[in-house]
2 protein chains.
Amino acid sequence: MSNAFVRRLEGVERLSKIERQAIVEITKSVQKAGARRPILGEGQRSVGAHVILSGLACRYRILEDGSRQITDFLVPGDLCECEHIVGADSGYSIATLSPCSYTHIDHPSLAALTEKYPRIGRALWSLTLINEGVLREWLANVGRRPAVRRVAYLMSELCFRLQNAETLRPSSCALPLTQIDLADATALSSVHINRVLGRLREKRLVSLQRRSIIVKDTEGLMSFAEFSGNYIQRSHGG
Amino acid sequence: MSNAFVRRLEGVERLSKIERQAIVEITKSVQKAGARRPILGEGQRSVGAHVILSGLACRYRILEDGSRQITDFLVPGDLCECEHIVGADSGYSIATLSPCSYTHIDHPSLAALTEKYPRIGRALWSLTLINEGVLREWLANVGRRPAVRRVAYLMSELCFRLQNAETLRPSSCALPLTQIDLADATALSSVHINRVLGRLREKRLVSLQRRSIIVKDTEGLMSFAEFSGNYIQRSHGG
DNA sequence: CGCGGTATTGACACTATTCAACATCAGTGG
DNA sequence: CCACTGATGTTGAATAGTGTCAATACCGCG
């Protein structure tokens with residue numbers, strides 16, 4: 001009777017049983033996709049939004065010169081492409097990184113939902129604002145931090161958000177990312193990512209597997225990266 | 001009977017006379033500040049949001065190593081610090097770049113407004129989503145574009161947004177930025193900004209004045225930067 | 001078994017940074 | 001009205017940090 005999206009919304013706004021129910025209702029037609037599949041393919045235009053219910057996905061764009069910039073990681077509970085609901089189209093694509101389940105919410109349903117339950121509308125706005133905060137963090141990260149710290153910071157954030165979404169807090173965390181993915185998210189070359197990861201491995205913070213990176217010591221990585229999750233999760237006032 | 005904020009909201013949502021009136025009402029206590037003054041000083045915490053009504057401001061953060069990252073330019077009609085209204089606090093500061101007039105909206109007033117007029121709530125969400133798009137653009141810009149294009153792109157965007165806010169479309173546009181500001185926004189050093197601007201001046205795209213940069217040929221600059229404003233302004237469907 | 005994407009390593013090139021010296025200008029107080 | 005001051009702009013030289021290229025290794029998958 002609850003899912004990742006409900007839990008996420010409850011993290012920013014207290015919901016009544018009826019509101020919870022309405023959200024469960026709107027997200028009940030679940031789709032599944034394997035790793036590295038498009039959810040919103042390049043060139044495609046969505047007519048609504050998607051909610052990630054399990055797994056890890058990302059939003060990205062291919063630039064003029066062919067390089068790819070990943071701009072968001074999407075963890076369970078994340079809503080994406082709201083801009084379509086609101087009428088814009090910014091030309092980004094969504095793809096899974098690990099196997100995902102997700103649901104599609106069409107324009108009219110969401111409009112009706114927020115009309116009927118303004119508190120849900122408010123919660124959605126909150127999620128968008130938090131996401132804005134994450135984007136600013138990425139901007140500062142890519143703009144100003146040297147490679148090693150930059151990579152550590154990004155991985156810290158991703159661990160933090162994944163663990164939050166699963167309401168777990170293990171000291172180790174597997175990230176289903178290739179080194180190329182990490183390069184496209186941090187705006188470094190994959191060659192350099194490889195060297196950076198070597199250094200983090202020497203510090204015993206991560207270990208490497210083919211097609212995935214294992215953070216051995218999330219606490220250690222976060223403190224090395226000087227990461228704090230304040231901007232992502234509120235202390236939960238109500 | 002109209003101001004920059006009303007015009008901005010009307011750009012994303014059709015408003016009734018009563019809704020317009022309500023917005024004018026909530027933004028009527030105007031404050032003014034000269035150039036380079038804090039609106040929300042470092043370390044200060046806001047209890048609401050600010051709306052820029054005229055002039056140019058920016059949002060920024062000082063990182064661990066003392067460097068400054070500007071994450072947003074705020075043009076007339078822009079709303080900022082909504083995250084406070086919604087309960088978060090991301091630790092950024094706001095300062096004017098040119099003389100500004102602005103207004104403060106406190107938490108309860110905005111809550112009441114969006115409760116009473118859901119369409120206004122929806123319009124505010126739209127603004128936030130557009131802003132998210134702008135941030136993704138900045139991320140791609142800082143992450144992947146070489147210095148000259150990067151600077152050109154940023155200036156293009158700023159011209160575009162300023163001209164939109166003023167509903168003017170002159171071919172020349174004065175940006176009240178020092179080279180240091182530009183460096184902090186593009187994540188380059190001010191020394192390098194200086195050299196880059198030299199090149200753009202050779203191309204007759206910009207001219208330099210002390211403490212401000214004049215874009216001589218906005219069309220030319222935008223096409224050089226391969227800039228398109230699609231992600232900022234909708235074609236205006238309803 | 002071979003193919004294609006990924007990972008690893010070295011050599012080298014290049015962009016942008018840092019440092020330093022100096023120039024310019026607006027504002028300030030004498 | 002002038003000299004002083006501090007922030008900004010300008011230029012050159014040396015350097016650091018990443019990117020690029022290329023060769024090789026690895027491994028899951030068809």
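Chain naming here is simple, since letters A, B, ... match the order of the sequence lines and numbering starts at 1 in each.
- With sequence neighbours excluded, the residues satisfying side chain to side chain donor-acceptor pair (under 3.5 Å) with B/T128 are A/W125.
- Atom CZ of B/R199 and atom CG of B/L205 lie 12.5 Å apart (nearest 0.5 Å).
- The side chain to side chain donor-acceptor pair (under 3.5 Å) search around A/N194 returns A/Q179, not counting sequence neighbours.
- The CD atom of A/Q209 sits 17 Å away from the C1' atom of C/dG5 (whole-angstrom rounding).
- A ring-ring contact (aromatic ring centres under 6.0 Å, His included) check over residues 156-205 of chain B, counting only residues at least two apart or in different chains, returns the pairs B/F160-B/F227.
- A search for side chain to side chain donor-acceptor pair (under 3.5 Å) contacts involving A/R169 returns A/N164, not counting sequence neighbours.
- Residue pairs satisfying the salt bridge (charged side-chain N to carboxylate O under 4.0 Å, His left out) criterion with at least one member in residues 151-162 of chain B, sequence neighbours excluded, are listed as follows: B/D78-B/R161, B/E157-B/R161.
- Rounded to whole Å, atom C1' of C/dA7 lies 11 Å from atom CZ of A/R201.
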Next item on the list: Check the pair A/C159, A/M222 against side chain to side chain contact (heavy atoms under 4.5 Å, CB included), reporting the backbone distance first and the verdict last.
Entry: CA-CA 9 Å; A/C159 286; A/M222 289 180 190; 4.3 Å; yes

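- A/T186 places none of its side-chain heavy atoms less than 4.5 Å from the side chain of A/V196.
- For DNA chain D, the span of nucleotides reached by chain B at under 4.0 Å from its heavy atoms goes, 5' to 3', from D/dA7 to D/dA13.
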Taking only N/O atoms, report every protein-nucleotides 15-17 of chain C pair under 3.5 Å with atom names and distance.
{"residue": "C/dA16", "atom": "OP1", "partner": "B/A147", "partner atom": "N", "Å": "2.8"}
{"residue": "C/dA16", "atom": "OP2", "partner": "B/H192", "partner atom": "NE2", "Å": "3.2"}
{"residue": "C/dA16", "atom": "O5'", "partner": "B/H192", "partner atom": "NE2", "Å": "3.4"}
{"residue": "C/dT17", "atom": "OP1", "partner": "B/S189", "partner atom": "N", "Å": "3.0"}
{"residue": "C/dT17", "atom": "OP2", "partner": "B/S189", "partner atom": "N", "Å": "3.0"}
{"residue": "C/dT17", "atom": "OP2", "partner": "B/S189", "partner atom": "OG", "Å": "2.8"}

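- Side chains of A/V206 and A/I214 form no contact here, defined as non-hydrogen atoms less than 4.5 Å apart.
- Under the rule for a ring-ring contact (aromatic ring centres under 6.0 Å, His included), B/Y92 has no partner lying at least two apart in sequence or in another chain.
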Using residues 42-71 of chain B as the side-chain source, report each donor-acceptor pair under 3.5 Å to any protein atom, sequence neighbours left out, with the distance given to one decimal.
{"residue": "B/E42", "atom": "OE2", "partner": "B/Y60", "partner atom": "OH", "Å": "2.8"}
{"residue": "B/Q44", "atom": "OE1", "partner": "B/G41", "partner atom": "N", "Å": "2.9"}
{"residue": "B/R45", "atom": "NH1", "partner": "B/D89", "partner atom": "OD2", "Å": "2.8"}
{"residue": "B/S46", "atom": "OG", "partner": "B/G48", "partner atom": "N", "Å": "2.9"}
{"residue": "B/S46", "atom": "OG", "partner": "B/G48", "partner atom": "O", "Å": "2.7"}
{"residue": "B/S46", "atom": "OG", "partner": "B/E81", "partner atom": "OE1", "Å": "3.3"}
{"residue": "B/S54", "atom": "OG", "partner": "B/S101", "partner atom": "N", "Å": "3.3"}
{"residue": "B/S54", "atom": "OG", "partner": "B/S101", "partner atom": "OG", "Å": "2.8"}
{"residue": "B/R59", "atom": "NH1", "partner": "B/E83", "partner atom": "OE2", "Å": "3.0"}
{"residue": "B/R61", "atom": "NH1", "partner": "A/E137", "partner atom": "OE1", "Å": "2.7"}
{"residue": "B/R61", "atom": "NH1", "partner": "A/E137", "partner atom": "OE2", "Å": "2.8"}
{"residue": "B/E64", "atom": "OE1", "partner": "A/R145", "partner atom": "NH1", "Å": "3.1"}
{"residue": "B/E64", "atom": "OE1", "partner": "A/R149", "partner atom": "NH1", "Å": "3.2"}
{"residue": "B/E64", "atom": "OE2", "partner": "A/R145", "partner atom": "NH1", "Å": "2.7"}
{"residue": "B/D65", "atom": "OD1", "partner": "B/S67", "partner atom": "N", "Å": "3.1"}
{"residue": "B/D65", "atom": "OD1", "partner": "B/S67", "partner atom": "OG", "Å": "2.8"}
{"residue": "B/R68", "atom": "NE", "partner": "B/D184", "partner atom": "OD2", "Å": "2.7"}
{"residue": "B/R68", "atom": "NH2", "partner": "B/D181", "partner atom": "OD1", "Å": "2.8"}
{"residue": "B/R68", "atom": "NH2", "partner": "B/D184", "partner atom": "OD2", "Å": "3.0"}
{"residue": "B/Q69", "atom": "NE2", "partner": "B/D184", "partner atom": "O", "Å": "3.2"}
{"residue": "B/T71", "atom": "OG1", "partner": "A/R136", "partner atom": "NE", "Å": "3.4"}

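- From one end of the helix from C/dC1-D/dG30 to C/dG30-D/dC1 to the other, with five pairs defining each end axis, the axis direction shifts by 40° (rounded to 10°).
- B/S228 is linked by a side chain to side chain donor-acceptor pair (under 3.5 Å) to B/N230, counting only residues two or more places apart in sequence or in another chain.
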Margin query: Strictly under 4.0 angstrom, non-hydrogen atoms only: write out the protein contact profile of nucleotides 24-29 of chain C, one letter per nucleotide from the 5' end, B, S or -.
Written below: BB----

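- One interatomic measurement links the two molecules: CG of A/N194 to C1' of C/dA11, which rounds to 16 Å at whole-angstrom precision.
- Interatomic distance, A/I105 CD1 to A/S29 OG, rounded to the nearest 0.5 Å: 9.0 Å.
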